[in-house]
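Some notes on the structure that comes next.
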Amino acid sequence: MILIAGSVDNVLKPLMLGRGVDAPMPVILLGALGGMATDGILGMFVGAAILAVGYQIFMRWVDDNPERARQPTASHSVSMTL
């Protein structure tokens with residue numbers, strides 16, 4: 001019974017932490033599990049919050065520079081000369 005309760009607890013806490021956040025659920029789950037592994041119960045909340053904020057900052061940075069992501073660089077171009 002304790003094993004079932006622990007498993008349900010590990011799934012429900014990240015789901016409840018992720019409510020109202022635009023970050024995908026795997027990001028919240030990884031943050032919660034990683035935080036809990038490093039700092040215990042408090043780390044579960046802090047880890048999920050830090051990873052969600054980091055994800056939002058990264059996605060905003062990617063959205064602000066869409067032309068940079070699509071431009072090929074000189075090192076990736078291939079020329080066929082004989």
With hydrophobic residues grouped by side-chain heavy-atom distances under 4.5 Å, do I57 and I50 end up in a single group?
no
Going from CG on D39 to CE on M44, what distance comes out if it is rounded to the nearest 0.5 angstrom?
12.0 Å
Using the rule that two of Ile, Leu, Val, Met, Phe, Trp, Tyr join whenever any of their side-chain heavy atoms come within less than 4.5 Å, decide whether L29 and L42 are in one cluster.
no
Looking at I28 and A52, what are the two nearest heavy atoms and their distance?
CD1-CB, 3.6 Å
Find the distance between CZ (F58) and CG (D63) and round it off to the nearest 0.5 Å.
10.0 Å
Set out, in order, the CA-CA distance, both residues' side-chain angles and the distance that settles side chain to side chain contact (heavy atoms under 4.5 Å, CB included) for L30 and L51, then state yes or no.
CA-CA 8 Å; L30 286 174; L51 210 56; 4.1 Å; yes
